[in-house]
Amino acid sequence: MTETCQRKPDYILLATVVILVLLGLVMVYSASFMRAYADTGNQLYYTLRQMNAAIVGTIALLAAQRIDYRVWRRFSVHLMAGTLFLLLLTLMLPASMTEANGARSWIRIGSFSMQPSEIAKLTLVIYFADWLSRRGEKLTNVTYGLAPFALMLGVVCGLIMLGRDLGTTIVLVIIAGMVYFAAGANLLHIIGAAIVAGSAFWGLINIAAYRQERIAAWIDPFAHYQGAGYQPVHALYALGSGGLFGVGIGQARQKFFWLPEAHTDAIFAIIGEEFGLIGTLFVVTCFLVIAYRGMRIAGRAPDPFAALLATGITCWLVFQALINMAVITTLIPFTGLTLPFISYGGTSLATCMAATGILLNISRHTSAASSHDYETVIPSERSGSFARLAGWWRNRRSRLSGFGHRRSAQRAWSAIRRR
Amino acid sequence: MATRTTRGAVVTRAPARRGASAIRPVTISRWRLNLLLLLAVVVVARIAVHLGSIQTGQVRIGGRTLAEMARAEVRQRLPIPAPRGVIRDSKGNVLALDVDFQSLYVVPSRIDQKHAPRLALTLSGLLGVPSPDILAAMQNTSLYQVRIKRWLEPEIAERVLALDEPGLVLQYEPRRVYPQGAFAAHVIGAVNFEHTGISGVEGYYDALLRGSTGVITAEVDSQRNPIWIAPQEVHPAIPGVDLQLTIDPTVQHIIETELKKAVDDHNADGGVAIVMNPRTGAILGMASYPAFDPNRYFEYTPETYNLNPAIGTQYEPGSTFKIFTVAAGLQTRAFTADTVVHDPGSVYRYGWRLSNWNGAGNGPVNPEKVLYYSSNVGALQLAELIGADRFYAMLAAFGFGRPTGIDMAGEAAGMVQTPARPGWSPLVLDTNGYGQGIAVTPLQLVRMVAAIGNDGKLMRPYVVERRCRGDDCVITQPKQVGQPIEPGVAWTVRRMLVKSANHYAPVVWAGMTGHYRDTWLVPGYEVCAKTGTSSIPDGRGGYVSDATIGSVVGLAPAENARFAILVKVDRPRDDYWAVRTAIPLFQSIATQLMQYARIAPDMGLVDPGQIVGGRLNR
């Protein structure tokens, strides 16, 4: 069914994300003020940067929520090319502009900094959603389906691995694999690819001593307290100290330089210390809600591209979060990943929020068969994406006169377009 | 329908309008999406279960919950070091103080092991520590941090800091510094690497100087700084007590310089000089040579820095001890100043021949002449007149055979053979009469002479004048420990000692006066002095045949004495009787002390050819 109807966006999803972002801002302040004070002398340094990113993210979310998702499809190749260019840039620019914590994954210009690998997650999802949705039955073919897909994924992952960022690579492979699976891939291909990816992963662990150390530290972190076990041990300390109800907001002890990366990768542990099991289960539940609503949107998407895009974005947000939590709870070996919406990291926050906007936009277009309470039918065949973009601008302008006018203005615009 | 696209049109247009399309659009199977959702639910459930077991205290490591372990790590008792007290001389110059130096530690887990050998070489060049040792420390990952070198010079610390290596940590640690080096080293003593005083005043007053370490019980960050969101309990440190010594820097300087010169000129093994205030017992100067630099005490032999020869060595006092015999006899009324004994040069007692130093007789001698000629035969007869009971009672009254109680570590008691002890015979009394068969410390001997200069009042010697904790000071009160002799006896002995001093004066003055008759030892002043040449026991019951200890003990000036002085030179090579070494040393010190004390010279006490303040230019 390709008849779509414009509906209200998924407010439950939106509310969940807003809650997570607000919780994230509070927790970034709580977890970072000591680190910020020690690094810069301003205890609000990281908090203010995160707030800037949240503002940018909010604008991106609102914009993406308004831009018809099909626009992305038109630019999927351009976006991918831009991303590859940025990834190459991280490898070619001088180390002082790109390196942090041993990984070359940054581009820093003055006080502005960004992480292209975060953007790569979104563009990869868009690109594969577009590409896979156009494959049709060829998808099940190794030569036309699996091989080009693996090649493309390999190029992107290779660039990121050259920057020594294993965590992002794993997330990318998982997202791509899930989108591929959702698109209707042959299960045997998936299993075969998983074996290949698994052995490649095994090889990556074995060529770097520090990764082997991380595996050893995962098996018994307390025996490697002075080395790779230091961060897992302190994450466990933080969670354990929190107990059922937590030590209270702002009262975490592990953030006083005990737990490394307390405001970024390990922020979930600080949430666990300050809000206890209640807090951690709340965050886990929020991501479960995102998973459910995201898959619901994917299931009701008007076309395969939208469905795959929604699937990819949902899998990305949810599984990155789950991997992060599994790392913090020492269920899996340590790898550096941010907790979407919550961890400090401007690029990550803004990209996640933009992705949420796209998801919300898809939620507004639902297959007619499964939609019930549509209010406005988008009728015109000729109305292209640019017209839609223009319409968004006009809608925005009309919104300036007041929120109450929005719906009537929209109706009026629809009426104009119908003529 | 909806989008106008160039490429995507294939998918999104209604198939009906396109007719039979070559490419069928991808259809998304619900079961695949549901499977992904199910996977998410399963992972969430696994994480939730694990979170539950962690956060309800089910995970235990070595019997302790994670929360307990975290608390044990975060809540710490941090010591607050108490600064060790400062030691000053009587004029307030600092002799010892704590200075914070940076020590270099390495954190092996933060060292890039690939570059460790190169870093070790660089550091080796800077620090002078062998690079294999540094490398071993860097690779010792079982420890959080390992010390490479203690107390870096500030310039070196700066250069290490400039290396900007994350695995190198500089920490301030207090180091005991003696800004005047070897000056008064034996009095001050030294502290060891644990910051504990091991000798001298540092050793004796260690507990006071050390103060008491405070404790902060607080929750800390990983740099061990207390965190401000948690309350902390503070038991502040009590800083160490500052000490002001009785050591007068000028006096100390005079005796150190003169002693060093005398020992070096005569190629002696070493020497001791003590200057004491007879009225209070305060030690104004105390020098031993060879000395040591307490900043680098570990480069010397333990005997050098552990033993203060002025209080810790025992020796046979020899002829200087005849002062005691005379004073004790006069006090006990065993004889008077006019009692005459016959000195034929040598006498037989209990089968042993006891003789004078040169074997020559002096005829009938009274106590004054016994001191004047240093007659062994006379002195032993005087001792016999006193009798064993009274002789040893007087020895005890003068404090021989037990420590004087001076406030310095390492004092010896001396050795006195009393009749109560096995091995004593009447012969011992005879030899004790002229200072053999008994061991004393230089301090005991100078204290006895100080008592004679102080009208018989025996004082406890002390070296710390003032103990201050902040502005709260305790001033040491001089303490009289007894009065072994009456003032009259003391005066009589002093008159005899002035004659004795003048008898030795030609050793210094003969070159200027042109004769060997008695003259003033220190022109312009009356001083008391008695020499002694001590035989050195060889450990087999006899004496070393080729070496002696020369000493002079005396008072300056004789009346209202300001200084009791002892000099002692061990084994001068070119002077068997050790008198030509010790007398000029004593004379030079006494002369300079009279000038320093600004005591007006009496021009009636200057002989032709003498000049006030004249010293032998050795």
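Labels below follow one simple rule: chain letters A, B, ... track the order of the sequence lines, proteins then strands, and each chain is numbered from 1.
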Checklist outcome for this item: Given Val284(A), Thr280(A), Leu244(A), the one with more heavy-atom pairs under 4.5 angstrom with chain B than any other is Thr280(A)
Checklist entry - Taking it one step at a time, do Phe33(A) and Trp228(B) satisfy ring pair (Phe, Tyr, Trp, His ring centres under 6.0 Å)? => result CA-CA 13 Å; Phe33(A) 62 82; Trp228(B) 48 268; 5.7 Å; yes
Checklist outcome for this item: Residue from Arg71(B), Met69(B), Glu73(B), Arg46(B) scoring the most non-hydrogen pairs under 4.5 Å with chain A is Glu73(B)
Next on the checklist: On a heavy-atom basis, which atom in Met325(A) and which in Ile47(B) lie closest, and how many Å separate them?
Outcome noted: CB-CD1, 3.9 Å
Checklist entry - Which one, Leu35(B), Asn225(B), Val41(B), leads in non-hydrogen pairs under 4.5 Å with chain A? => result Leu35(B)
Next on the checklist: Please give me the minimum heavy-atom distance between Cys315(A) and Leu36(B), naming the atom from each residue.
Outcome noted: SG-CD1, 4.0 Å
Item to check | Closest approach of Ala70(B) to Gln254(A) (non-hydrogen atoms, all atoms of both residues) | outcome: CB-NE2, 3.8 Å
Next on the checklist: How close do Leu277(A) and Gln55(B) get, counting heavy atoms only, and between which atoms?
Outcome noted: CA-OE1, 3.2 Å
Item to check | Pairwise side-chain contact, Ile54(B) with Thr329(A), heavy-atom cut-off 4.5 Å (strictly under) | outcome: yes
Checklist entry - Do the rings of Phe181(A) and Trp31(B) sit parallel, tilted or perpendicular, given the 30° and 60° boundaries? => result perpendicular
Checklist outcome for this item: Minimal heavy-atom distance between Arg253(A) and Val74(B), with the atoms involved, is CB-CG1, 4.1 Å
Checklist entry - In Å, rounded to the nearest 0.5 Å, how long is the span from CD of Glu219(B) to CZ of Phe256(A)? => result 9.0 Å
Item to check | Contact check, side chains of Tyr237(A) and Glu68(B), non-hydrogen atoms, under 4.5 Å | outcome: no
Checklist entry - Are there more than 12 heavy atoms of other residues, nucleotides or ligands under 6.0 Å from atom CZ of Arg159(B)? => result no
Next on the checklist: Does any part of the side chain of Met178(A), heavy atoms only, come nearer than 4.5 Å to the side chain of Leu39(B), both counted from C-beta?
Outcome noted: yes
Item to check | Part of Thr56(B) within contact of chain A (heavy atom distance under 4.5 Å) | outcome: side chain
Item to check | Which portion of Val107(B) sits near chain A, non-hydrogen atoms under 4.5 angstrom | outcome: neither
Checklist outcome for this item: Smallest heavy-atom separation, Ile229(B) atom then Ala252(A) atom, equals CD1-O, 4.0 Å
Item to check | Heavy-atom neighbours of Tyr292(A) OH exceed 12 at 6.0 Å | outcome: no
Next on the checklist: Please check: side-chain N/O of Arg32(B) versus main-chain N/O of Ala185(A), any donor-acceptor pairing under 3.5 Å?
Outcome noted: yes
Checklist entry - Pick from Val59(B), Asn34(B), Leu37(B), Thr65(B): which one has the most heavy-atom pairs with chain A under 4.5 Å? => result Leu37(B)
Next on the checklist: Check whether His50(B) reaches the backbone of Leu331(A) with its side chain - one donor and one acceptor, N or O, closer than 3.5 Å.
Outcome noted: no
Checklist entry - Rounded to the nearest 0.5 Å, how far apart are OG of Ser222(B) and CE of Met34(A)? => result 9.5 Å
Checklist entry - Which one of Val220(B), Val43(B), Ile227(B) has the most heavy-atom pairs closer than 4.5 Å to chain A? => result Ile227(B)
Next on the checklist: Just so I understand: if I count every heavy-atom pair under 4.5 Å between each of Thr330(A), Val233(A), Val318(A), Leu288(A) and chain B, which residue has the most?
Outcome noted: Leu288(A)
